[in-house]
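Report on the structure given below.
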Amino acid sequence: MLAQTFFIAAGLLAVIAALGMLVSRSPVRSALWLILVMLCVAGLYMTLSAEFIAVVQVLVYAGAIMVLFLFVIMLLNLGALPNLERVDFKKGVGFVLGTVILAQLVYITATASEPLATASFDPVETGSALRIAEELFTRYALPFEIIGILLLVATVGAVMLAKRTFE
Amino acid sequence: MEIPLTWYLTLSAVLFSIGVMGVLFRSNLIVILMSVELMLNAVNLTLIAFSQFMGDITGQILVFFVISVAAAEAAVGLAIVIAIFRNKLTVDVNDIKLFRH
């Protein structure tokens, strides 16, 4: 019962914060709403007893990535959008497409047959750092190394892109 | 633990749809990038939920990799935003018409 109450509270807060990100005019406010979404999602990871991923979520997403976003917003000195948000063709199409995707996903979830309905959560199988590390450094050692190379390439690429002057 | 799997999937669907609408609604490049991050978060929630309900740790490994790639994507994406802003002095996608003639 307590877990369900926590899920409903965190889930509602996440949806409200996501909508806040969608409608707020200033990019800084959008970023702050998104940080709230990520903290709520980290709380939901805790209800799934995925502690390691929850901590990584707070450290990397809410910490590093969102600070990078805020840093760029402040570097570019972007205020609130000057032009009024007007309802046009593009927004209508966006709303319809988003609603259709939501309807499809909810329909699939609602009509899912046996395997989904009878799935049971075994709390003994925890996502502790020990279990993840065992898998990560044995079976998935090669992808782990490739991710390291990818991050290096991304770092070099980001520096080159931001430094270079075109024309 | 008495939270059903369908609750997680439904919440994740709602968050993903809000992310889709953010990409299609907003004209600010940085907000569009943030909406992409929101969609990645929704998918991560699905992966973790399935991973725990199936008792298979592989989903969490995949989420770990998704977070790493998202970090790289954010760094490169924001660098591109800075490069565009230097040239055009705007981050509005309606004003960026490099390929439109």
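By convention in this document, chain letters (A, B, ...) are assigned in the order of the sequence lines, proteins followed by strands, and residues within each chain are numbered from 1.
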Heavy-atom side-chain contact between [X] and [Y] under 4.5 Å:
X: Leu11(B); Y: Phe7(A); result: yes
X: Ile82(B); Y: Leu78(B); result: no
X: Phe65(B); Y: Leu136(A); result: yes
X: Phe69(A); Y: Ile65(A); result: yes

Contact class of [X] relative to chain A, heavy atoms under 4.5 angstrom:
X: Leu45(B); answer: both
X: Ala70(B); answer: both
X: Val23(B); answer: neither
X: Ile48(B); answer: both
X: Phe85(B); answer: side chain
X: Ile30(B); answer: both
X: Ser12(B); answer: neither
X: Glu73(B); answer: neither
X: Leu33(B); answer: both

Please look at [X] and chain B and tell me whether the side chain, the backbone, both or neither of the residue comes under 4.5 angstrom of a heavy atom of that chain.
X: Ile8(A); answer: side chain
X: Leu44(A); answer: both
X: Ala64(A); answer: neither
X: Tyr61(A); answer: side chain
X: Val15(A); answer: both
X: Ala31(A); answer: both
X: Thr99(A); answer: both
X: Met160(A); answer: neither
X: Val153(A); answer: neither
X: Leu22(A); answer: both

Which of Thr58(B), Leu62(B), Leu9(B) passes side chain to side chain contact (heavy atoms under 4.5 Å, CB included) with Phe50(B)? Answer is Leu9(B)

Check step by step if side chain to side chain contact (heavy atoms under 4.5 Å, CB included) holds for Leu36(A) and Trp33(A).
CA-CA 5 Å; Leu36(A) 185 56; Trp33(A) 280 119; 3.9 Å; yes

Could you tell me how the ring of Phe64(B) sits relative to the ring of Phe144(A): parallel (under 30°), tilted (30 to 60°) or perpendicular (over 60°)?
parallel

Are Leu24(B) and Val93(A) co-members of a hydrophobic cluster defined by side-chain heavy atoms under 4.5 Å apart?
yes

Just so I understand: if I count every heavy-atom pair under 4.5 Å between each of Val31(B), Asn41(B), Asn44(B) and chain A, which residue has the most?
Asn41(B)

What verdict does the side chain to side chain contact (heavy atoms under 4.5 Å, CB included) test give for Met21(A) and Ser35(B), after you've listed the backbone C-alpha separation in whole Å, the side-chain angles of each residue and the deciding distance to 0.1 Å?
CA-CA 8 Å; Met21(A) 186 209 79; Ser35(B) 301; 3.5 Å; yes

Taking every heavy-atom pair that is under 4.5 Å apart, which of Leu105(A), Leu76(A), Ile101(A), Leu2(A) has the most such pairs with chain B?
Leu76(A)

Distance col, row Ile67(B):CD1 vs Ile147(A):CD1, nearest 0.5 angstrom, shows 11.0 Å

